[in-house]
Amino acid sequence: MKVSNADRVMFPEVGVTKGQVVSYYENAAGLMADFVVGRPLTLQRFPKGIAEKGFMQKNVAEHYPASIERYEVPKNEGGTTTYPVVRDVNDIAYLANQGTITFHVWLSTVEQPLKPDYLVLDLDPPEGSAEIVRAVALETRTVLDSFGVESIPVATGSKGFHVWIPLAGKPDFEQVSKASQALAGIVALKIPDLATLEFLKKERKGRVFVDWLRNHPGSTVAAPFSLRPRPRASLAMPITWDELGSTAPDAWTIGNVEDRLSDLPRWPKPVVLPIDHIVKTAEAAGV
DNA sequence: GTCGGGC
DNA sequence: GCCCGACAACGCGGA
DNA sequence: TCCGCG
Ligand SMILES: [Mn+2]
Ligand SMILES: [Mn+2]
């Protein structure tokens, strides 16, 4: 892949260049395929580096190659959004050369846009607290285990963790969203001093927001292995539950990730969510 | 990063 | 040919 | 309708 302005410093604090960013994405592209290929993308771009203002981009630029699919979605109030959809993983590096730092992805593919193949619980901590968000993650795992649902945490590269659950059985967003809200509610009920479903930051009062709202049609999550626009060039890295206690949310960076890419945790097998059981359990508990 | 207009 | 400015999201829900 | 939020 030819890189334009390869020596441009994208992460000034650690001196990471655009050439290094594109090279990283070339190495990670195969691993990202499951989370990127076939899914409408929202690109978070920083063409002049993360010290300058970046922007979110949903609409595909006209000059992007034909190998990047166009996917039209009607907007709420007229008009359409035309998303880029990658089919060939080599196009991930192309988009990195366009200044993309973070790839935000749908939890469904264009083949079945209303049927997510992942559920993600997004744990958003207040400023600072690494220990609290770990405790919430572990409780989330315990709750999922109690329903026989296997999950894997992702250190987001930013402040929190994501908990990913691969889904079988093609449930629709309506069901998955209900289940995710119920799961988040159960977690918050079990550890009310640490976790909350409060959307407004000022109502969270030092607690972790168990963000279940990612599980909606058209909502996005930072894809595993995506870089984040953070000073140390940290990235979203799947980890084992055993690693959670010793892994900071931004532990993995473009500078220390190389060996990790060939020594990754096992990804869980998709499970059929026991949606009714989860929802009824939550109701009985008073969520 | 790319494009298009002005000089 | 060079330089510069414009442009690059959107949905949801609660106040 | 505006605002907070991701
Ligand atoms: Mn988050
Ligand atoms: Mn969130």
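Residue numbers start from 1 in every chain, and the chains themselves are labelled A, B, ... in the order their sequence lines are given, proteins ahead of strands.
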Can you figure out which of [options] approaches the side chain of [X] most closely?
| X | options | result |
| --- | --- | --- |
| A:Arg214 | D:dG6, B:dG1, C:dC10 | D:dG6 |
| A:Met56 | D:dG4, B:dG1, C:dA9 | C:dA9 |
| A:Gln98 | D:dC5, C:dA9, B:dT2 | B:dT2 |
| A:Asn76 | C:dC10, C:dG11, D:dG6 | C:dG11 |
| A:His63 | D:dG6, B:dT2, B:dG1 | B:dT2 |
| A:Lys75 | C:dC10, D:dG4, C:dC12 | C:dC10 |
| A:Thr81 | B:dC3, C:dC10, C:dA8 | C:dC10 |
| A:Asp211 | B:dT2, B:dG1, D:dG6 | D:dG6 |

Salt-bridged, [X] to [Y], with N to O below 4.0 Å?
| X | Y | result |
| --- | --- | --- |
| A:Glu111 | A:Arg87 | yes |
| A:Arg134 | A:Glu131 | yes |
| A:Asp117 | A:Arg39 | yes |

Spacing between [X] atom [atom1] and [N] atom [atom2], to the nearest angstrom:
| X | N | atom1 | atom2 | answer |
| --- | --- | --- | --- | --- |
| A:Leu197 | C:dG14 | CG | C1' | 15 Å |
| A:Lys53 | C:dA9 | NZ | P | 15 Å |
| A:Glu72 | C:dA9 | CD | P | 14 Å |
| A:Glu203 | D:dC5 | CD | P | 10 Å |
| A:Leu95 | B:dG1 | CG | P | 13 Å |
| A:Phe103 | C:dA8 | CZ | C1' | 15 Å |
| A:Lys159 | D:dG6 | NZ | C1' | 12 Å |
| A:Met1 | B:dG1 | CE | C1' | 11 Å |

Exercise. Any chain of hydrophobic side-chain contacts (each under 4.5 Å) joining A:Leu119 to A:Val271?
Worked result: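 Both belong to a single hydrophobic cluster.
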
| Do you reckon A:Phe161 sits in the same ILVMFWY cluster as A:Leu138, going by side-chain contacts under 4.5 Å, direct or chained? |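 Yes: a chain of side-chain contacts under 4.5 Å links A:Phe161 to A:Leu138.
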
Exercise. Could you give the distance separating B:dG1 and C:dC10 at their P atoms, to the nearest angstrom?
Key: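 Pairwise P distance, C:dC10 against B:dG1, rounds to 23 Å.
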
- Query: Quantified in whole Å, what is the C1' atom distance between nucleotide C:dA9 and nucleotide D:dC5?
  - Reply: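 Each nucleotide's C1' atom is 14 Å from the other's.
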
**Prompt:** Would you say C:dC10 has OP1 or OP2 under 4.0 Å from some side-chain N or O of A:Asn59?
**Reply:**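 A:Asn59 to C:dC10 OP1/OP2: side-chain N or O found under 4.0 Å.
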
Subject >> Phosphate-side-chain proximity, A:Arg204 and D:dC5, N/O vs OP1/OP2 below 4.0 Å >> reply: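 No, A:Arg204 has no side-chain N/O under 4.0 Å of OP1/OP2 on D:dC5.
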
Notebook entry, point to check: Under 4.0 angstrom, heavy atoms only, what part of the nucleic acid is A:Ser4 near: base, sugar-phosphate, or nothing?
Noted result: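 Sugar-phosphate, no base atom in range.
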
key: Matching residue for A:Thr140 among A:Asp145, A:Leu183, A:Val187, A:Val208 - test: side chain to side chain contact (heavy atoms under 4.5 Å, CB included)   =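 One option only clears the test, and that one is A:Val187.
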
- Which residue lies toward the 5' end of DNA chain C, A:His216 or A:Leu200, if each is placed at its nearest nucleotide?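 Taking each residue's closest nucleotide, the earlier one in sequence belongs to A:His216.
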
